[in-house]
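One structure coming up, written as structure tokens, with questions to follow.
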Amino acid sequence: MTFADLRQKLKSGEVSSKELVQEKILRIKQLDPKLNSFLSVNSEQALKQAEFIDNQRSAGEILPPLSGIPLAIKDNLCTKGIKTTCASKILEDFVPPYESTVTKRLLKSGAVMIGKTNMDEFAMGSSTETSAFGPTLNPWDISKVPGGSSGGSAASVAAGLCFGSLGSDTGGSIRQPASFCGVVGMKPTYGRVSRWGLIAFASSLDQVGPFANNVSDAAEILQVISGKDDFDSTTVDVPVPNYLDSLSKSIKGLKIGLIDNCFQHDGLAKDVKESVLSAASLLEKQGAEIINLSCPRFNDGIATYYVIAPSEASANLARYDGVKYGFRSDDPKSLIEMTSKSRAIGFGSEVKRRILIGTYALSAGYVDAYYKKAQQVRTLIRKDFDNAFKKVDILLAPTSPTTAFGSGENVDNPMAMYLSDLLTIPANLAGLPAISLPCGFDKTGLPIGLQLIGNVFDEAKLLQVASQYEIAADVFKNKPKSDFTF
Ligand code: GLN
């Protein structure tokens, strides 16, 4: 069911918003003790909100587009009066005094906020296993990870615990979990969506974006959250097109670039490669022209990212000092001891690793060799994309080199964990919009993600190609059995 179908049912009175919320709360109660995709469920407030919308509807008011639709929010987005933990002990009891711009816009559009979703601590991770509140499991196979860092937002949509959600993507955290959980996930152009109220990880890379069951729902969520925000000076004042309008347009004559070097990695699983290449053939059958091209610097993305992102994180996370807010250790003997103990206890090991790497890379004597060099390579990666977009409209690659890996498989091997973002990171470094959508299943029945990358502010074309593919491929027609019936 799409939001459009839901709207129809709500309008005709076949179902009320309260019933939708009740159904989701019940499902969360049944399934989430196992999945752990929510860190908090907002039952009371959600029901109140739904009732209010139902009353408005009965009174014949004209309602905004997402009215009465229950959505979930990643727990690194500030929600006024509702705990926002970033899945960290250091923010375990943090209740923001203000609302993030994106959630404010969703609320204004009538969406019902059903709860806050689990994630890797401070959005650092690719498996939702670094959460201080336990890992989220993959609803397709609970012995697998849901991806990360927005694993809770992806798993909750996949398991039918909400109709859509918000995540954040710094190096792949929307697209990779979307791919692992068989849902649609989109990272907008840097500057398209406000970061006000998003707890900062790496500010030059972070973007908020939607998870949904289908491309059209993702387009609707993006529509609502996009656009200039005076509270975030990095948002750009460019018109936001009507994304739904672009979905039905034919892709005939569009040029789609297949990034050669993404298909040549040793670690690329055979099933993933085949499935993504056959998605390209299907697009060709629909009239698109497939052009092979290479982005040679794409492969330097990981090394570049793992200097820039930790550097920015080390600066951003300096604010958790036990003084202003967040966890404070007991009985410190001095100010320094209070800060260091609070951070030692409050942060998990992956977060500490990033702070150490970042502090090192930014220190006098190393900043030119590491941080500055990484910024230069970042420019080269962007140039590769600029060159590619002179020849094509959209780029195509797998989202992740593999399907969902086993729980615990990579926890002690940060290098292997980092490599799972190999194909998503370049779009963040270049600030480009990119989407992941299901394109098939591997031999074991786990979903595979197709990644499409667009030029700056070209979300409309990205959604157009994704939607046309989704309709033609009808991937879920033969969906394999999973741990949950959904
Ligand atoms: N997995 C990547 C990391 O750990 C990306 C995370 C993200 O996009 N938030 O940094």
Side-chain angles (χ1 to χ4, degrees), residues 73-77 86-88 117-131 135-136 145-154 165-181 185-188 190 193 195 198-211 301-314 316-317 347-358 361 374 378 399-402 404-405 409-411 413-436 449 451 453:
I73 307 295
K74 187 175 180 180
D75 211 22
N76 60 351
L77 285 161
C86 240
S88 180
T117 54
N118 201 0
M119 53 184 279
D120 281 296
E121 186 181 3
F122 281 97
M124 298 171 189
S126 307
S127 63
T128 316
E129 289 168 296
T130 71
S131 167
T136 298
V145 303
S149 66
S150 317
S153 293
S165 61
L166 287 186
S168 65
D169 193 311
T170 305
S173 277
I174 293 178
R175 289 159 287 155
Q176 186 255 25
S179 149
F180 281 15
C181 290
M186 184 168 183
K187 171 220 171 289
Y190 187 83
V193 173
R195 290 178 295 110
L198 167 69
I199 296 178
F201 163 12
S203 309
S204 78
L205 301 158
D206 298 340
Q207 272 294 288
V208 178
F211 284 96
I302 288 260
T304 309
Y305 174 89
Y306 276 100
V307 174
I308 293 173
S311 296
E312 293 185 19
S314 73
N316 274 325
L317 271 60
F347 288 137
S349 55
E350 184 58 31
V351 174
K352 286 179 193 159
R353 190 187 344 261
R354 306 281 177 117
I355 293 172
L356 287 172
I357 296 173
R378 182 180 191 171
T399 305
S400 170
T402 65
F405 46 86
E409 205 176 301
N410 289 335
V411 267
N413 187 350
M415 278 304 277
M417 191 70 94
Y418 295 173
L419 278 173
S420 79
D421 300 315
L422 183 73
L423 305 172
T424 46
I425 278 174
N428 298 78
L429 290 169
L432 301 174
I435 191 167
S436 175
Q451 181 180 205
I453 305 172

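Keep in mind that this is a model prediction, so the values were computed, not measured. Atoms within each ligand, like the ligands themselves, are counted from 1 in listed order.
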- Message: Restricting to non-hydrogen atoms, name the atom on Lys74 and the atom on Ser173 that form the minimum distance, rounded to 0.1 Å.
- Response: NZ-CB, 4.2 Å
- Query: Where's the contact between Arg354 and ligand 1, heavy-atom distance under 4.0 Å: side chain, backbone, both or neither?
  - Reply: side chain
- Going by the order shown, which atoms of ligand 1 are within less than 4.0 Å of some heavy atom of Met124? 4 (O)
- Identify, by atom number and element, the atoms of ligand 1 in contact range of Tyr306, meaning under 4.0 Å from any of its heavy atoms. 2 (C), 3 (C), 4 (O), 10 (O)
- Side chain, backbone, both or neither: which part of Asp421 has a heavy atom under 4.0 Å from ligand 1? side chain
- Item | Flag, side chain of Arg175 to backbone of Thr424, donor-acceptor distance under 3.5 Å | yes
- Message: Given 3.5 Å as the limit, does a donor-acceptor pair link the side chain of Asp206 with the main chain of Phe201, or not?
- Response: yes
- Near Phe201, which atoms of ligand 1 are under 4.0 Å from a heavy atom of that residue? 9 (N), 10 (O)
- Ala309 touching ligand 1 at heavy-atom level, < 4.0 angstrom: no
- Give a yes or no answer on whether the side chain of Thr128 reaches the backbone of Gly151 with a donor-acceptor pair at less than 3.5 Å. yes
- Ser165 side-chain N/O to Ser153 backbone N/O, donor-acceptor pair under 3.5 Å: yes
- Task: Please confirm whether the backbone N or O of Thr170 pairs with a side-chain atom of Asn428, one donor and one acceptor, at under 3.5 Å?
- Result: yes
- Note on the structure: for atom 7 (C) of ligand 1, nearest protein heavy atom and its distance come out as Ser173 OG, 2.4 Å
- Message: Treating Thr130 as the side-chain partner and Asp120 as the backbone partner, does any N or O pair qualify as donor plus acceptor under 3.5 Å?
- Response: no
- Query: Under 4.0 Å from ligand 1, counting heavy atoms only, is it the side chain of Ala123, its backbone, both or neither?
  - Reply: both
- Message: Closer than 4.0 Å to some heavy atom of Gly125 - which atoms of ligand 1 meet that?
- Response: 1 (N), 2 (C), 3 (C), 4 (O), 6 (C)
- Message: Is it true that Ser203 and Glu312 share a donor-acceptor pair across their side chains at a distance under 3.5 Å?
- Response: no
- Item | Per-atom contacts of ligand 1 with Tyr305, taking only distances under 4.0 Å to non-hydrogen atoms | 2 (C), 3 (C), 5 (C), 6 (C), 10 (O)
- Note on the structure: Per-atom filter on ligand 1: closer than 4.0 angstrom to a heavy atom of Ser149 are 9 (N)
